[in-house]
Amino acid sequence: MLTFALYGCESKDTGAVGPTDIDSVKKESSAISETSASSATNGFDWSKVLCSKVGADDSESSYYVIWNDSIVGYDCNLGAMSDVLDDAPVVLTVASGDKLFAEDYNLDLDSIKSNEDILPGMEYVFCQNIEFELPPTPTDIMVLRDGKEPYMTIESTSNEKVQAQSKTYDVCKSQGTFHYTTRDLGGIYEASIQFTAYATFLSDGMPFYCAALDVSEDQSAKKECEDNALLLMQGLNEVPAKFFG
């Protein structure tokens, strides 16, 4: 079963502020998980949603990302990250720009002007999402949150068109490496994992990316990353805010 961690979502513990209807979406999602997806508003199948976002206001899009064999979706302002997929040593992550959390995540939306700018411009978001939820490796390596800041390098990019659920998007496909500090019983050292990502703009101009990361011990899941990143991009669907009820 695929699970995910959410970032930038409303929480009583952190006091973060999100759209006023987030609680209702979460409650509805929880109820659906205990009954069946067919009871969702508009017949929406929450069981196939990896990440969803209700626009903060009329100027921001609502969207969801379909993922087969996912779990019940939750409204999320910034992004989501999965556990390791059952059939491949791959982790999925999805995020979009959000005005409410731009300052908290060092996000300068005005500087992101092209698809090629999205991933570099959202590097802090990308690294934070991964750093706090990177699954343990077979050697129980852990990310050091108080160590060297994680960062990414992008080795290749290409401009492509991808037919998603809502429309055909012009996207920037990137392949690169996520670098981070790890530790185990032997000490502290540098490590890295490969990723494939797709980036584009939503209809309201907000940047969006989805990525798949190779968490195999020998970094041998590049093809699986490419396949799963494309599936994520194809699962993007922009919908009216009222779609979520």
Side-chain angles (χ1 to χ4, degrees), residues 2 4 37-38 40-55 59-82 85-88 90-98 109 112-122 125-126 129 154-176 194-214 221-244:
L2 182 67
F4 61 87
S38 62
T41 303
N42 301 328
F44 187 49
D45 187 356
W46 283 103
S47 70
K48 296 186 182 299
V49 173
L50 173 71
C51 178
S52 65
K53 175 176 179 287
V54 174
S59 67
E60 288 193 339
S61 292
S62 295
Y63 70 85
Y64 62 88
V65 177
I66 294 175
W67 181 255
N68 291 335
D69 303 321
S70 184
I71 66 169
V72 169
Y74 286 94
D75 180 274
C76 188
N77 291 315
L78 199 68
M81 184 169 162
S82 78
L85 301 185
D86 289 340
D87 57 351
V90 172
V91 165
L92 311 176
T93 183
V94 177
S96 62
D98 192 293
L109 295 173
I112 301 175
K113 301 182 182 301
S114 68
N115 289 339
E116 291 84 355
D117 296 335
I118 293 175
L119 206 57
M122 297 183 69
V125 175
F126 185 90
N129 282 359
I154 297 175
E155 280 88 42
S156 66
T157 62
S158 60
N159 294 312
E160 302 181 4
K161 290 184 180 292
V162 174
Q163 177 62 55
Q165 296 293 313
S166 48
K167 65 178 185 180
T168 299
Y169 290 88
D170 291 316
V171 302
C172 177
K173 177 184 177 181
S174 299
Q175 292 185 308
Q194 300 177 101
F195 68 82
T196 298
Y198 286 88
T200 190
F201 289 95
L202 301 179
S203 60
D204 62 357
M206 289 296 100
F208 166 91
Y209 73 76
C210 55
L213 299 104
D214 181 356
K222 182 177 180 180
K223 178 62 166 61
E224 288 88 344
C225 283
E226 293 178 349
D227 294 343
N228 284 288
L230 179 58
L231 285 173
L232 277 179
M233 186 63 224
Q234 292 172 333
L236 172 62
N237 197 352
E238 295 190 61
V239 295
K242 64 181 180 180
F243 180 89
F244 293 98

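Below, each value reflects all heavy atoms present in this structure, side chains not excepted, and no hydrogens, waters or symmetry copies. Counting begins at 1 with the first residue of the sequence.
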Please tell me if the side chains of Tyr209 and Val125 come closer than 4.5 Å, counting only heavy atoms from C-beta onward.
-> yes

Under the side chain to side chain contact (heavy atoms under 4.5 Å, CB included) criterion, do Asn159 and Glu116 qualify, and how do the steps go?
-> CA-CA 8 Å; Asn159 294 312; Glu116 291 84 355; 2.7 Å; yes

Is the backbone of Phe126 close enough, under 3.5 Å, to the side chain of Asn129 for a donor and an acceptor to pair up by distance?
-> no

What is the minimum heavy-atom distance between Asp214 and Ala221, and which atoms define it?
-> OD2-N, 2.9 Å

Nearest heavy-atom approach of Ala164 to Leu236 is CB-O, 3.4 Å

Measure the spacing between CZ of Phe201 and CD1 of Ile118 and express it to the nearest 0.5 Å.
-> 4.0 Å

Kindly indicate whether the side chain of Asp98, heavy atoms from C-beta on, has any atom under 4.5 Å from the side chain of Met206.
-> no

For Asp170 and Thr200, work out which heavy atoms get closest and say how close.
-> O-OG1, 2.8 Å

For Leu232 and Leu50, what are the C-alpha separation, side-chain angles and deciding distance, and is it a side chain to side chain contact (heavy atoms under 4.5 Å, CB included)?
-> CA-CA 9 Å; Leu232 277 179; Leu50 173 71; 3.6 Å; yes

Would you sort out whether Leu119 and Ile154 count as a side chain to side chain contact (heavy atoms under 4.5 Å, CB included), showing the intermediate values?
-> CA-CA 9 Å; Leu119 206 57; Ile154 297 175; 4.1 Å; yes

Between the CG atom in Leu213 and the CG atom in Asn228, the distance rounded to the nearest 0.5 Å is 11.0 Å

Answer yes or no: is there a donor N or O on one side and an acceptor on the other, between the side chain of Glu238 and the main chain of Leu202, under 3.5 Å?
-> no

State, yes or no, whether a side-chain contact exists between Ile66 and Gln165 at a heavy-atom distance under 4.5 Å.
-> yes

With a 4.5 Å heavy-atom cut-off, do Cys210 and Thr93 have their side chains touching?
-> no

Between the CH2 atom in Trp67 and the CG atom in Leu92, the distance rounded to the nearest 0.5 Å is 5.0 Å

If every non-hydrogen atom of Gly176 is compared with every non-hydrogen atom of Glu155, which pair is closest and at what distance?
-> CA-OE1, 2.8 Å

Will you find, in the side chains of Glu226 and Gln175, an N or O donor that is under 3.5 Å from an N or O acceptor?
-> yes

Considering non-hydrogen atoms only, spot the tightest contact between Val91 and Ser82 and give its length.
-> CG1-O, 3.4 Å

Correct closest heavy-atom pair for Ser96 and Lys53 would be OG-CD, 3.6 Å

Find out whether Leu230 and Lys173 are in side-chain contact, i.e. whether some heavy atom of one side chain is under 4.5 Å from a heavy atom of the other.
-> no

So, Thr196 side chain and Ala212 main chain: donor-acceptor pair closer than 3.5 Å or not?
-> no

Would you please indicate yes or no on a ring centroid separation below 6.0 angstrom for Tyr169 and Phe208?
-> no

